[in-house]
Protein chains: 2
Amino acid sequence: MECEDFKPNEHKEEMMAVQDTMDVLRGKWKIEVLSSICFYNKRRFSDILNDVNGISNKMLSKELKELEINQMITRTILDTHPVTILYQLTEHGKTLGTIIDNMTEWGKMHRKKIIGK
Amino acid sequence: MECEDFKPNEHKEEMMAVQDTMDVLRGKWKIEVLSSICFYNKRRFSDILNDVNGISNKMLSKELKELEINQMITRTILDTHPVTILYQLTEHGKTLGTIIDNMTEWGKMHRKKIIGK
DNA sequence: CAGAATCCCCTTGGATACTG
DNA sequence: CAGTATCCAAGGGGATTCTG
C-alpha cells in the first residue's frame, strides 16, 4: 500500500482484490483449518475437528465448504465402509502460504508493540 | 506457512499471531478506511465518509475507534470552530502496507484463477 | 465416520434521526 | 462537523440431536 501514488476510487481493482482475499480468509476458523490440512497433507473431517480447538462440526462443515468453493482445498471420497473423506490443499491453496507467513510475522510484531510482551 | 515442518498445537503462537492480524483487519471497511487516510495523509471524518463508498457514519465511527485502539491511526482534535478532527496513520499503521500489498496481489491472482477473468 | 438439522443467542451492519 | 442513539434485519456461531 504505497501511500502517495493513488487516489481512492481510482484503486477500485486493488480494493476489490484485497476484499477477495479477505473473503477467503474471513471465517473465524479458516486459517486453523487450512493449517491442519496443510500439516498432515491429507486430513479427515473428524481429524480436523480434533486438531482445531473449539470448532464445532457445524462450523467445520461450513468452513470446509467455503474453502472448497474457493478452490483452496479438495474433497475426496474414498470407497471404504464407512466412507472416508479426505481433504487436501490444492496448489492454489498452497499459494496462500506467503500471506499467512506475512500475517504471522506482522501479528507477532503487533502483539509485542500493542498488546505488550 | 511451511507445510511439512510443524504439528498443530505446536504452532499456537503462530496461529495466535495470524488471528491477531485478522482481528485488526476483519471489519468490512477497515482496509478502505485505512487506504483513505493513507492517501491523504491527514483526513477528516466526513472526508472519509465520502471516500469510502457505501459506509455509514455509524460504521465509520466504529471502524475508526477500533483502528485507534489498535494504534493503527491517531485522532487529533484541532481547536477550531466547529472543531476539526484529523485522522492519520501511525508509523505502526504504515507497517500494514506489506500485508495489504500481498493481499492485493494474491486477490488479483485468485480472481483470475477462480472467479474467472 | 461425516456430516445435516434444529434451536437460540450474539454480533454486524444498514437506515434513520438526533446532538453539541 | 463529528459523531451518538435507536431500531431492526441478517448472518455468524455455539450446543445438541439426528442420520445414512
Side-chain angles (χ1 to χ4, degrees), chain A residues 8 15-16 18-19 21-34 36-37 40-70 72-89, chain B residues 8 15 18-34 36-37 40-70 72-89:
Chain A
M15 294 294 194
M16 225 174 44
V18 179
Q19 296 298 345
T21 305
M22 285 298 290
D23 284 347
V24 173
L25 263 26
R26 204 179 300 265
K28 182 171 178 183
W29 313 94
K30 287 275 157 55
I31 311 260
E32 289 174 81
V33 170
L34 241 20
S36 167
I37 300 172
Y40 289 104
N41 207 8
K42 298 173 198 292
R43 205 68 178 145
R44 289 175 311 165
F45 190 88
S46 53
D47 294 329
I48 306 174
L49 212 48
N50 278 315
D51 295 340
V52 180
N53 210 291
I55 196 171
S56 67
N57 58 352
K58 176 181 147 190
M59 277 303 107
L60 178 54
S61 175
K62 195 188 159 206
E63 301 287 50
L64 286 171
K65 253 178 215 160
E66 292 173 2
L67 288 170
E68 200 191 348
I69 287 172
N70 286 318
M72 310 306 301
I73 60 173
T74 58
R75 181 176 182 277
T76 311
I77 308 173
L78 298 188
D79 195 12
T80 55
H81 298 280
V83 292
T84 307
I85 294 181
L86 292 182
Y87 291 96
Q88 310 174 63
L89 286 196
Chain B
M15 295 292 194
V18 179
Q19 297 297 347
D20 287 344
T21 304
M22 285 299 290
D23 284 347
V24 174
L25 263 26
R26 204 179 301 266
K28 183 172 177 183
W29 312 94
K30 288 276 156 55
I31 312 254
E32 288 173 82
V33 170
L34 242 19
S36 166
I37 299 173
Y40 289 102
N41 207 7
K42 298 175 199 293
R43 205 69 176 143
R44 289 177 310 166
F45 189 89
S46 53
D47 294 329
I48 306 173
L49 211 49
N50 278 314
D51 295 340
V52 181
N53 209 292
I55 196 170
S56 68
N57 55 355
K58 176 182 148 190
M59 277 304 107
L60 178 54
S61 175
K62 195 188 161 206
E63 301 287 51
L64 286 171
K65 254 177 213 159
E66 293 173 2
L67 288 170
E68 199 191 347
I69 287 173
N70 287 317
M72 309 306 301
I73 61 174
T74 58
R75 181 177 183 276
T76 311
I77 308 174
L78 298 187
D79 195 12
T80 56
H81 297 279
V83 291
T84 307
I85 294 181
L86 291 182
Y87 291 96
Q88 310 174 63
L89 286 195

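Here is the naming used below: chain letters follow the sequence lines, and residue numbers restart at 1 for every chain.
Between B:Tyr87 and D:dC1 there is no side-chain N or O to OP1 or OP2 distance below 4.0 Å. Remark: A:Arg75 is not in phosphate contact with C:dA2, judged by side-chain N or O atoms under 4.0 Å from OP1 or OP2.
A straight line from CG of B:Leu49 to C1' of D:dG3 spans 10 Å, rounded to a whole angstrom. The nearest whole Å value for the distance from the CG atom in B:Asn50 to the C1' atom in D:dG3 is 15 Å. What separates CD1 of A:Ile73 from P of C:dA2 is a distance of 13 Å, to the nearest Å. Atom CG in B:Asp47 sits about 7 Å away from atom P in D:dA2, given to the nearest Å. Nucleotide D:dA2 holds its C1' atom 15 Å from the NE2 atom of B:His81, rounded to whole Å. A:Ile85 places its CD1 atom 8 Å from the C1' atom of C:dG3, with the value rounded to the nearest Å. As rounded to whole Å, 16 Å separates atom C1' of D:dG13 from atom CG of A:Asn53. Atom P of nucleotide D:dG13 and atom CD of A:Glu32 are separated by 12 Å, given to the nearest angstrom.
For the pair A:Ile55/A:Val33, a side-chain contact is recorded, criterion being any heavy-atom separation below 4.5 Å from C-beta on. Within the 4.5 Å cutoff, the side chain of A:Tyr87 has heavy atoms near those of the A:Leu64 side chain. Annotation: side chain of A:Gln19 is in contact with side chain of B:Glu32 (closest heavy-atom distance under 4.5 Å). B:Leu60 has its side chain out of reach of B:Val52: every pair of non-hydrogen atoms, C-beta onward, lies at least 4.5 Å apart. Residues A:Arg44 and A:Leu86 have side chains in contact (heavy-atom distance under 4.5 Å, counting atoms from C-beta outward).
Set against C:dG14, D:dG13, C:dG3, the side chain of A:Met59 has D:dG13 as its closest nucleotide. You'll find that the side chain of B:Pro82 is closest to D:dC1, out of D:dG14, D:dC1, D:dA2. Checking C:dA17, D:dG14, D:dA2 against the side-chain heavy atoms of B:Asn57 singles out C:dA17 as nearest.
Over its length, the helix from C:dC1-D:dG20 to C:dG20-D:dC1 turns its helix axis by 40°, as judged from the five terminal pairs at each end, rounded to 10°.
Listed by first then second residue, pairs satisfying side chain to side chain donor-acceptor pair (under 3.5 Å) with a partner in residues 49-62 of chain A read A:Ser36-A:Asp51, A:Arg43-A:Asp51, not counting sequence neighbours.
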>> Before you tell me yes or no, could you show the steps for B:Met22 and A:Leu25 under side chain to side chain contact (heavy atoms under 4.5 Å, CB included), namely the whole-Å CA-CA distance, both residues' side-chain angles and the distance that decides it to 0.1 Å?
In response: CA-CA 8 Å; B:Met22 285 299 290; A:Leu25 263 26; 4.0 Å; yes
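Residue side chain A:Lys58 reaches the base of D:dG14 through a donor-acceptor N/O pair under 3.5 Å, judged by distance alone.
Heavy-atom nearest nucleotides on DNA chain C were determined for B:Val83 and for A:Ser46, and the one closer to the 5' end corresponds to A:Ser46. Residue whose closest nucleotide on DNA chain C sits further toward the 5' end, between A:Leu86 and B:Lys28: A:Leu86.
As judged by a 4.0 angstrom heavy-atom cut-off over every strand, B:Thr80 is placed among residues making no nucleic acid contact. No engagement by A:Arg26 is indicated, since no non-hydrogen atom pair under 4.0 Å with the nucleic acid exists.
The two residues A:Leu89 and A:Ile37 make their nearest non-hydrogen contact at N-CG2, 3.6 Å. The nearest pair of heavy atoms linking A:Val24 to A:Leu67 is O-CD2, 4.4 Å.
Within residues 61-69 of chain A, the residues that have a heavy atom under 4.0 Å from DNA chain D are, in order of number, A:Lys62.
Among B:Lys28, B:Arg26, B:Lys30, the single residue meeting the salt bridge (Lys or Arg N to Asp or Glu O under 4.0 Å) criterion with B:Glu66 is B:Lys30.
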